[in-house]
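Values reported hereafter were calculated over all heavy atoms of this structure, with side chains retained and with hydrogens, waters and symmetry mates removed. Residue numbers start at 1 and run along the sequence shown.
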Amino acid sequence: SSLGQCGGTAVTDWNGDCCYTSNLDCGGFCYGDMVEDCTGECSGTTVIDECGICDGDGSSCTIIDINYTSNTPILKFNLSFDNATILNAFGGAAEDANFYIYSSSRQVIAYDSSYSGNEIPSGGGLLIQVVVDGDGSEACLSNALFQYGEEEFYLYNLNTTIDSCT
């Protein structure tokens, strides 16, 4: 059996069900749950590693833990890096607080995008994990800006496995 037309722009799937092509999964089933893996294989098992490499082994990047100590809750933060290319950022208190985490090649921004009052509580621990390309040996933190409410402040007790840029 093959996919065929069944009224306008709709098609018939392998089960004889009629739906729009935008509702077909990669196996040709209406509202199915089959998806392509990173190689394009339908229902394949190949995944993207933490470095963003399809079928990678995680050896082409480094994960940098950013730890914090703060006596004030954190509503938003912006970390800027030099001498490193950021691939991703995730985890820690930022993820626990359901923060939206945005990363570009040089910075990480995290905040409560739902405006529902989520915050990173005062205290300390793992703030976020930053994935950088390569071994990260030259990476340095050039700026760390934190915000609670309308106030912006620099957090002096930011412990990382990398140095501040000088």
Side-chain angles (χ1 to χ4, degrees), residues 22 24-27 32-166:
S22 61
L24 291 174
D25 67 7
C26 65
D33 58 4
M34 296 171 74
V35 295
E36 292 181 353
D37 67 8
C38 64
T39 66
E41 181 180 338
C42 186
S43 290
T45 58
T46 307
V47 297
I48 296 173
D49 72 4
E50 59 269 16
C51 303
I53 307 298
C54 180
D55 202 21
D57 63 3
S59 65
S60 65
C61 68
T62 301
I63 298 176
I64 299 172
D65 291 344
I66 306 293
N67 298 300
Y68 77 103
T69 303
S70 176
N71 60 5
T72 306
I74 299 167
L75 190 60
K76 175 183 179 180
F77 65 86
N78 182 337
L79 306 175
S80 298
F81 295 82
D82 286 343
N83 306 321
T85 300
I86 298 169
L87 301 175
N88 195 9
F90 62 90
E95 193 168 289
D96 292 344
N98 294 315
F99 274 24
Y100 170 76
I101 300 171
Y102 166 80
S103 62
S104 68
S105 63
R106 297 279 182 237
Q107 69 178 350
V108 174
I109 300 171
Y111 59 93
D112 175 21
S113 64
S114 66
Y115 302 102
S116 59
N118 294 340
E119 62 186 24
I120 296 171
S122 59
L126 179 64
L127 179 65
I128 197 163
Q129 293 181 294
V130 180
V131 182
V132 297
D133 192 28
D135 67 6
S137 62
E138 298 296 317
C140 63
L141 188 61
S142 59
N143 192 23
L145 181 63
F146 294 78
Q147 182 175 354
Y148 183 76
E150 299 298 318
E151 298 178 36
E152 291 184 351
F153 57 95
Y154 291 90
L155 193 66
Y156 296 105
N157 296 321
L158 194 61
N159 301 313
T160 71
T161 56
I162 63 171
D163 295 326
S164 295
C165 298
T166 54

Are Y111 and L75 side-chain neighbours, meaning at least one heavy-atom pair lies under 4.5 Å? no
How far apart are the C-alpha atoms of S105 and I86, what are their side-chain angles, what is the distance that settles it, and do they pass the side-chain contact (heavy atoms from CB on, under 4.5 Å) test? CA-CA 5 Å; S105 63; I86 298 169; 5.7 Å; no
side-chain contact (heavy atoms from CB on, under 4.5 Å) between C38 and V47, worked out: CA-CA 6 Å; C38 64; V47 297; 5.6 Å; no
Any pair with a residue in residues 55-105 that passes disulfide bond (SG atoms under 2.5 Å apart), sequence neighbours left out, goes on the list, sorted by first then second residue, please. C51-C61
Are L126 and I128 packed together at the side-chain level, in the sense that at least one heavy-atom pair is separated by less than 4.5 angstrom? no
Tell me, with the steps shown, if Y68 and I74 meet side-chain contact (heavy atoms from CB on, under 4.5 Å). CA-CA 10 Å; Y68 77 103; I74 299 167; 4.1 Å; yes
Minimum heavy-atom separation for E95 to I101, with atom names? N-CD1, 4.2 Å
Quick check: closest heavy atoms across I63 and E50, and the distance to 0.1 Å? CD1-CG, 4.1 Å
Are L141 and S80 close enough that some pair of their side-chain heavy atoms sits under 4.5 Å apart? no
If you measure from CG on N98 to CG on D112, what distance do you get to the nearest 0.5 Å? 8.5 Å
Residue pair I66 / L79, side-chain heavy-atom distance below 4.5 Å: yes
Whether the side chain of S113 engages the backbone of Y100 through a donor-acceptor N/O pair (distance < 3.5 Å, no angle test) should be reported. no
Does T46 offer a backbone N or O that forms a donor-acceptor pair with the side chain of D55 under 3.5 Å? no
Counting heavy atoms not belonging to E138, are there more than 12 under 6.0 Å from its CD? no
Under a 3.5 Å distance rule, please check whether S70 uses its side chain to pair with a backbone N or O of G123 as donor and acceptor. no
Any sub-3.5 Å donor-acceptor pair from N83's side-chain atoms to A139's backbone N or O? no
Residue pair C42 / M34: nearest heavy atoms and the distance that separates them: SG-CE, 3.6 Å
Answer whether the closest heavy-atom distance between the side chains of V130 and S103 falls below 4.5 Å. no
Please tell me if the side chains of V132 and I64 come closer than 4.5 Å, counting only heavy atoms from C-beta onward. yes
Given the side-chain rings of F77 and F146, with only the six-membered ring counted for Trp, is the space between their centroids under 6.0 Å? yes
Could you please spell out the steps behind the side-chain contact (heavy atoms from CB on, under 4.5 Å) verdict for S122 and T72? CA-CA 5 Å; S122 59; T72 306; 5.7 Å; no
What distance do L145 atom CG and Q107 atom CD have between them, rounded to the nearest 0.5 Å? 10.5 Å
dist I53:CD1 -> S60:OG (nearest 0.5 Å) comes out at 4.5 Å
So do the side chains of L127 and I120 get within less than 4.5 Å of each other, counting heavy atoms only? yes
